[in-house]
Number of protein chains: 2
Amino acid sequence: MASAVPDRTQLVEQLRAHDIIPTHQRLVIAQALFARRQHVSADQLLGQVNLTHAEVSKATIYNTLNLFEEKGLVRRIIVDPERIFYDTFVDSHPHLFDVEAGELSDIEAPDLRVVGLPPLPHGMRQEGLDIVIRVRNISASV
Amino acid sequence: MASAVPDRTQLVEQLRAHDIIPTHQRLVIAQALFARRQHVSADQLLGQVNLTHAEVSKATIYNTLNLFEEKGLVRRIIVDPERIFYDTFVDSHPHLFDVEAGELSDIEAPDLRVVGLPPLPHGMRQEGLDIVIRVRNISASV
DNA sequence: TTGGGTGCAAACTATTTGCATTCGA
DNA sequence: TCGAATGCAAATAGTTTGCACCCAA
């Protein structure tokens, strides 16, 4: 069950399984993105991808993240007005957002339940349920 | 208990109570903002304020909303990557976000409870708990 | 050969900021 | 009078887009 870092072949399969043509750049991006379970912004991912030498342009990062999101490979998390985070774990789960550091992380809550939500208005389909705890370091400046 | 539209005198008091010097522009903004319980973006509010004739500049809208937020008069809601919403009702409560229309609204859920959240990491203070249901109109384009 | 994919730069949008002007106590 | 508030325009940052080029089927 330990999800090891996927190799190139697995990534190719994964992209194909989601109707995405596996190009070189997309594989490089996927490799950095799915190296571990993480929450990254486009800019952070760009840095990870081009760590050693520039291989992918900024526009392609954005295009690819949008494509991956559309195809269900990653999930957008909107918590910071300055940037969009992409979560490599797409199942719905609660998040912790450090407003000071601008860092997003998971909350381990296997037994989480939300009780008392009314039914959706007619004609509406639920796309997601976001639960975010905003925190601040106590020792941090006021 | 019915919260009527506050008049100018009440608004002056309210601003003063929050350590805000009541200037003309701030009162005009507060008047539009607190005319009803609502969720507005800076741009929408600018439109409401300057409905009849331009009285307040865009920069002042932003400055004032930031000030109001700092002083606890309104609450920022981050759900849309394109804009920040300001909620005139500052108590924590769940929201419904129509991703298609970009509209934010309240969810009536007086008995809402979230069960199973683990304790916060050490040194962290909770700033807020955001619960947002993202919905899409079924009849809307796929 | 040909339709995507990619890269670059320019465009765009929401928001912030610097600075000169004006207002209000 | 004097500090704070305002307005304008420029700056900023994240994201998107137009278009020429390139590659793989």
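Reminder, nothing fancy here: chain letters follow the sequence lines and each chain counts from 1. Since the structure is predicted, the reported quantities are computational estimates derived from the model, not experimental observations.
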Salt bridge (charged side-chain N to carboxylate O under 4.0 Å, His left out) partners for Arg16(A), two or more places apart: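 So Arg16(A) forms no salt bridge (charged side-chain N to carboxylate O under 4.0 Å, His left out) with any residue.
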Partners of Asp130(B) by salt bridge (charged side-chain N to carboxylate O under 4.0 Å, His left out), sequence neighbours excluded?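 Here the qualifying residues are Arg134(A).
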If you measure from CG on Leu65(A) to CG on Leu46(A), what distance do you get to the nearest 0.5 Å?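 Nearest 0.5 Å value for the CG-CG distance: 10.0 Å.
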Return the set of residues passing ring-ring contact (aromatic ring centres under 6.0 Å, His included) with His39(B) (not counting sequence neighbours), or none when no residue passes.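 For His39(B), the residues satisfying ring-ring contact (aromatic ring centres under 6.0 Å, His included) (neighbours in sequence not counted) are His95(B).
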Looking at residues at least two apart in the chain, or sitting in another chain, which of them share a side chain to side chain donor-acceptor pair (under 3.5 Å) with [X]?
X: Ser57(B); result: Thr60(B)
X: Gln10(A); result: none
X: Glu108(B); result: none

Mind checking whether Leu117(A) and Met124(A) sit in one hydrophobic cluster, side chains of I, L, V, M, F, W, Y counted as touching below 4.5 Å?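 In one cluster: yes.
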Spell out, yes or no, whether Tyr86(A) and Val79(A) are grouped together once hydrophobic residues are joined by side-chain heavy atoms under 4.5 Å, including indirect joins.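 No, Tyr86(A) does not connect to Val79(A) through the hydrophobic network.
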Between Leu45(B) (CG) and dA14(C) (C1'), how many Å, whole number?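 After rounding, the gap between these two atoms is 15 Å.
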What integer distance in Å separates Leu67(B):CG from dT15(C):C1'?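 So the CG-C1' distance, Leu67(B) to dT15(C), works out to 16 Å.
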Could you list where the contact with chain A starts and ends along DNA chain D, reading 5' to 3', using a 4.0 Å heavy-atom cut-off?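 Using the under 4.0 Å cut-off, the span is dG14(D) to dT17(D).
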Could you list by number each residue of residues 57-66 of chain B showing a heavy-atom separation from DNA chain D of less than 4.0 Å, or answer none if no residue does?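 Output list: Ser57(B), Ala59(B), Thr60(B).
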Return the residues of residues 12-34 of chain A meeting this criterion: a heavy atom under 4.0 Å from some atom of DNA chain D. Order them by number, or give none.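 Within residues 12-34 of chain A, no residue comes under 4.0 Å of DNA chain D.
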Spell out, as yes or no, whether a donor-acceptor pair under 3.5 Å connects the side chain of Gln38(A) to the backbone of Leu33(A).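 Present.
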Is the backbone N or O of Glu55(A) less than 3.5 Å from a side-chain atom of Asn50(A), with the two atoms forming a donor-acceptor pair by type?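 Checking the backbone N and O of Glu55(A) against the side chain of Asn50(A), a donor-acceptor pair under 3.5 Å is found.
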For DNA chain C, the residues among residues 76-89 of chain A that have a non-hydrogen atom under 4.0 Å from it: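 None - not one residue of the stretch has a heavy atom sitting under 4.0 Å from the strand.
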Pairs where residues 25-50 of chain B contributes a residue and the test salt bridge (charged side-chain N to carboxylate O under 4.0 Å, His left out) is met, not counting sequence neighbours: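 Listed by first then second residue: Arg37(B)-Asp106(B), Asp43(B)-Lys58(B).
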Residue pairs fulfilling salt bridge (charged side-chain N to carboxylate O under 4.0 Å, His left out) with at least one residue in residues 72-84 of chain B, sequence neighbours excluded: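 Passing the test, one end in residues 72-84 of chain B: Glu69(B)-Arg76(B), Asp80(B)-Arg83(B).
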